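Chain letters run A, B, ... following the sequence lines, proteins first, then strands; residues in each count from 1. Model, not experiment: these values are computed from the prediction. Just so you know, these numbers use all the heavy atoms, side chains as well, and skip hydrogens, waters and symmetry mates.
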Amino acid sequence: MRNRNPGRSGILAALTGILWCCLTAAAMAHAALTGAVPSDGAVVAAPPKTLSLSFSEPVSPLVLKLVLPDGRARALDTFVLRDRTLEITPPADLGTGTHVLTWRVVSEDGHPVGGSTIFSIGAPSGAPQAAANAVDWPVRGALWLARIALYAGLFFGIGGVFAVRWLIADDGDGPAPVRAATLLGLLATVLSLGLQGLDALGAPLSGLLDLAAWKAGLATSFGATVVVLAAAFCLAVLATRSRSPAMRRGASMVALLAGSGALALSGHASAAAPQWLMRPAVFVHALTIAIWIGALLPLASALRRDGEAGRKALGRFSRLIPLCVGLLVLAGIVLAVVQVGKPAALLSTAYGNVLLAKIALLFLLFALVAVNRWRLTGPAAKGEAKAVRRLCRAIAVESLIVLAVFAVAATWRFTPPPRALAVAAAEPASIHIHSDKAMAEVTVTPGGAGPVDISAVILSAEFEPLAAKEVTFVLSNPQAGVEPMRRKTELQADGSWRAAGVVIPLAGRWQLRVDVLISDFELVRLQGEIDIRS
Amino acid sequence: MLKRTLVTAAALVLGAGTAFAHVSLQVKEAPVGSSYRAIFQVPHGCEGKPTNVVRVQIPEGVIAVKPQPKAGWTLEKVRGAYAKSYDYYGTPTSEGVKEIVWSGGTLGDDEYDEFVLRVYLTKDLKAGDTLYFPVVQECPDGVAERWIELPAAGQSADDLELPAPGVKLLEATSGH
């Protein structure tokens, strides 16, 4: 997280936020790794029988590899999923040295996450390079554009077809932009599946030609969204083309419900707890957007084309939409409260910044809507030609703002919500410090600046438990000019030494020394470095 | 700026204070193959508390240890086997005092005292090396100051937070 000056104006923060989340290169966790056995950086005496990775949310593995000390990578095919823990059986013939367990998993929100943990057998060998999580910009850009097109298709297209059939009660095919949006949405939805697969596998854009990417995309929870949404788009096309009036209306209604429901099948809002609240909230949010936004283009078209039918539709729109917008805002607030958690996260996280930007655009939109409703709707309903023209222009502007909102909301695909970040922030930081006399496994919980608990397990160089007389932690940060802080520890029932309520004032790389008093006259000092997050 | 200067000055003064506050040996050099009067200078207590116990570990190669009794302190000599047999004026010596404990006294934090041993530095010790005597000061409430750190290769005693007092060993003087 970057430090943000809360004094900055909300708008500025929101705008920088959009820029920032477009530029941010760090691949951030959606499902966060909460633990690994052997733990990251651990040195174990014998080759482990199982490797395990625990996550904050249920996941399924996409890629599991073990990079051996000689640099060769071996795929890990044998694994079992137990709740949120992935238990992997490593190859039986592991040698001594440092191994990198590289993983890429997909969580229930449909977003793939990757990372590496390092462990050594016997003793560390060299400095292993954790695979960097580079961002593939073409894939990310394509995902973003496809997501915008998907929203446009769902809300302008499917929503538009529904409005044509139910609100305008028109027998025509509906305005051309609505039909175009429907087809665009169908195309973007299908393409998203492949792009999702590329993102899941960490493959480049050219991988779209490979069936594997599409299979991987279908295997994520987003696959279900794509299938249902594609079906909804087909129904919307049917609702335009069918000759039977009952079929036209029925298909448009089912398309609307299915399309809105599809969004509730994946995404981090849908994956959040409590599920009974979040999934319906996503559904209601999508449904009400589709009804409201979908009505805009057909309404403008009807007003311009046919005065009488248009005016009747305008009357229905004016009665229906306030209820719709009320539900929309209510569902939106529920989603935002759960996802953002603390108000401070609005400024301090990319997700919060995107939300602020979205809210700013919505204020603009609602201001315009209010003007239309109180200034133009009355005269337009009476058939004043000038008011009708102005209303049509206003609707066009509204539609453009709505597109901008879609573009902003689509960046959420790449920003983990503060709720997930909070889980990641609670993750401990740990190091293994080794000398020829003793070793220490030190865990700092949570691994961020602020009050933390530090605990250490002290072992002899032969991995036997070491009965120490006293253990003291000495923390210093010479770069930040922080002189050594000593903290005494207490022996816990489980044999670890713990210092509670230690305050680490700054994020960054800290020197951590563990002073182990073995006997009255024998002191072992173990010196290591630990990275503390902000 | 003034504040920073004051802080720096305070740090220097305190830092220097710590450097002089180590338990040290008054006589800094001694030849091997001779008697040595080890005078431990204890300049303060532990974190403001008075010292009640002073323990000195006798390093290997140091034999014929005789502590000088002190009024108000109880002496304890912890005996044990040496790692090898040493020659003491022709007498092989394979066991003896390995730790001396002065206890039961009270040496205020604002007071100074000396604790004395007479020892024999065997010829098995290497001239040119520094011989360290780890010392532990114990105070009430389980607080202790442990002057037990020995410099590792390439380190000097100045690099250590809690250096054990040491004596530089010289070549054996002729005539013995």
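For the salt bridge (Lys or Arg N to Asp or Glu O under 4.0 Å) condition, the pairs that include at least one residue of residues 497-511 of chain A, sequence neighbours left out, are A/D453-A/R498, A/R509-A/E529, A/R509-A/D531. The salt bridge (Lys or Arg N to Asp or Glu O under 4.0 Å) contacts involving residues 93-107 of chain B comprise B/R55-B/E99, where partners must be two or more places apart or lie in separate chains. Pairs of residues two or more places apart, or lying in two chains, that qualify as disulfide (SG to SG under 2.5 Å) and include a residue from residues 84-153 of chain B are B/C46-B/C139.
Within 6.0 Å of the CD atom in B/E60, the count of heavy atoms belonging to other residues, nucleotides or ligands exceeds 12. Taking a 6.0 Å sphere around CD of A/Q492, one finds it holds more than 12 heavy atoms contributed by other residues, nucleotides or ligands. Within 6.0 Å of the NZ atom in B/K28, the count of heavy atoms belonging to other residues, nucleotides or ligands exceeds 12.
Shortest non-hydrogen contact noted between B/L162 and A/R525 is CD1-NH2, 4.0 Å. The two atoms that bring A/L523 and B/I148 nearest to each other are CB-CD1, 3.7 Å, heavy atoms only.
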> Under the side chain to side chain contact (heavy atoms under 4.5 Å, CB included) criterion, do A/L517 and B/R146 qualify, and how do the steps go?
Replying inline: CA-CA 10 Å; A/L517 188 68; B/R146 298 175 191 278; 3.0 Å; yes
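With rounding to the nearest 0.5 angstrom, the CZ atom of A/F521 is 8.5 Å from the CD1 atom of B/I58.
Contacts with chain B (heavy atom to heavy atom, under 4.5 Å) involve these residues of residues 463-477 of chain A, listed by number: A/K469, A/E470.
Residue B/Q57 touches chain A through both its backbone and its side chain, counting heavy-atom pairs closer than 4.5 Å.
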